[in-house]
*Asks:* 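Quick one: structure below, then a few questions.
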Amino acid sequence: MNVRRLTPSPRAVDWGLFAAVGTLLATGVATMFTGTPSTAWVIDLHAIAGVALVCLLPVKLWRVRRRVAPERLTGRRALSVALTLDAAGALVTGVWWVFGGSLDLGPWGLFHLHIALGLLVPPLLLWHLRYRYHSPAEVTRHGRRDALRYAGLVTAGALLWRLQGPVNDLLDTAGADRRYTGSREEGTGEGNRFPVTSWVADDPDPVDAGEWQLTVGGRVERERTYALAELPTGASEDAILDCTSGWYSDHEWRGVRVGALLDAAGADDAGAWVQFRSVTGYRWSLPIEEARDAVLATRVDGERLSHGHGFPLRLVAPGRRGFQWVKWVREVRVDKRREFGEWVAIFVSGL
Ligand SMILES: Nc1nc2c(c(=O)[nH]1)N[C@H]1C(S)=C(S)[C@@H](COP(=O)(O)O)O[C@H]1N2
Ligand SMILES: [Mo]
């Protein structure tokens with residue numbers, strides 16, 4: 001078989017690279033919100049676009065190989081080299097993760113490195129395109145044949161992605177226990193012994209349980225406050241905490257059902273969102289129907305929550321990614337609209 005017959009025309013390769021990077025960025029960011037199996041296709045698409053990139057990058061490098069000879073290296077070409085190395089790094093770390101790799105980078109690991117390298121590709125690519133842009137009209141000359149080649153490439157990508165599961169199982173790698181989100185299991189069922197993850201240095205002093213109070217307010221008939229001992233903590237929920245930094249942990253959480261708190265305070269009919277606020281300013285909202293089913297936990301697998309895991313009270317939001325499980329909650333607020341500022345708060349609350 002002649003590889004060149006399978007290879008899209010040069011401009012189509014360039015546009016394919018662009019489309020692959022765009023897809024990888026969009027799906028990579030979207031995985032932040034994939035917490036239920038119905039969203040598994042987002043990661044599938046991410047992986048398939050990754051395979052496409054693995055196939056297209058060598059084609060492109062072969063075509064331009066003479067331009068990057070050391071004696072012909074200019075500033076712009078150095079940028080192209082940096083882009084290539086970064087993209088290759090993102091691919092290698094992604095594939096390595098799938099097959100169970102790990103890396104100890106202090107507070108960070110292989111998955112963080114993958115995210116960092118991946119996020120750097122789009123800006124480098126846009127910068128590169130400022131100098132090396134060609135009109136998409138040039139693609140259409142070979143349009144039909146290129147479309148077929150791409151259909152073949154995507155199919156091959158999907159098949160390869162299907163194969164990684166059996167390969168991981170066969171080799172019994174650490175990648176074999178990955179959830180469909182890409183996360184790997186840690187400390188399931190072992191009480192507080194699972195990773196403590198705070199995002200952007202959100203690291204308050206231990207909360208004094210004697211002074212701490214929970215307020216239920218906003219659009220409610222009667223604002224309520226509770227001391228820790230007053231909370232009606234009879235609810236239990238088995239739920240998986242799945243952090244976007246690549247681990248998950250399944251536990252039995254015990255505490256108070258949010259719906260019970262809303263009923264006691266008399267949530268207003270106009271209330272559509274419920275916001276959970278931490279003592280640190282970190283906060284997140286859920287639609288009110290979903291919030292009613294969520295639990296504010298004081299215990300994990302029968303143990304009192306440790307400080308790192310959010311003592312005295314942390315949100316357990318089944319089906320949501322970990323960053324939405326607010327720790328050290330001190331306020332539940334019912335509102336008509338969602339507060340836009342929480343998107344900022346989750347990044348800066350620790351500063
Ligand atoms: N107040 C507050 N809550 C937070 C965070 C934070 O930084 N501050 N980190 C979130 C993230 S990213 C995750 S994955 C989970 C981690 O919970 P754990 O530390 O108990 O494992 O808490 C979430 N809740
Ligand atoms: Mo997280």
*Asks:* Using modelled atom types only, decide if a donor and an acceptor are shared between the side chain of Thr36 and the backbone of Gly319 within a distance under 3.5 Å.
*Replies:*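 It does not hold such a pair.
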*Asks:* Whether the Asp202 and Ser349 side chains hold a donor-acceptor pair (N or O, under 3.5 Å, no angle test) is what I'd like checked.
*Replies:*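 On atom types as modelled, these side chains qualify, holding a pair under 3.5 Å.
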*Asks:* Before giving the answer on side chain to side chain donor-acceptor pair (under 3.5 Å), spell out for Ser236 and Glu252 the whole-Å C-alpha distance, their side-chain angles and the decisive distance to 0.1 Å.
*Replies:* CA-CA 7 Å; Ser236 143; Glu252 195 247 329; 2.8 Å; yes
*Asks:* Do we get Arg179 above Trp247's six-membered ring, with its NZ or CZ under 6.0 Å from the centre and within 45° of the axis?
*Replies:*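 Negative - Arg179 is either too far from the ring of Trp247 or too far off its axis.
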*Asks:* I need the minimum non-hydrogen distance between Val295 and Ala235, along with the two atoms involved.
*Replies:*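 That would be CG2-CB, 4.3 Å.
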*Asks:* Crowded around Arg222 CZ? As in, over 12 foreign heavy atoms under 6.0 Å?
*Replies:*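 More than 12 heavy atoms, drawn from other residues, nucleotides or ligands, come within 6.0 Å of this atom.
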*Asks:* For atom CZ of Arg193, is the number of surrounding heavy atoms from other residues, nucleotides or ligands below 6.0 Å larger than 12?
*Replies:*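 Yes, CZ of Arg193 has more than 12 neighbouring heavy atoms, counting only those of other groups under 6.0 Å.
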*Asks:* Just say parallel, tilted or perpendicular for the rings of Phe111 and His114, cut-offs at 30° and 60°.
*Replies:*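 Correct class here is tilted.
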*Asks:* Quick one: sort the Trp253 and Phe194 rings into parallel, tilted or perpendicular, breaks at 30° and 60°.
*Replies:*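 Because their plane-to-plane angle is over 60°, the rings of Trp253 and Phe194 count as perpendicular.
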*Asks:* Look at the side chain of Arg65 and the backbone N and O of Trp62, then say whether any donor-acceptor pair between them is shorter than 3.5 Å.
*Replies:*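 It does hold such a pair.
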*Asks:* Around atom CZ of Phe99, are there more than 12 heavy atoms of other residues, nucleotides or ligands at under 6.0 Å?
*Replies:*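 Correct, the count exceeds 12.
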*Asks:* Of the non-hydrogen atoms in Leu57 and Ala87, which two are nearest, and what is the gap between them?
*Replies:*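 That closest heavy-atom pairing would be CD2-CB, 4.3 Å.
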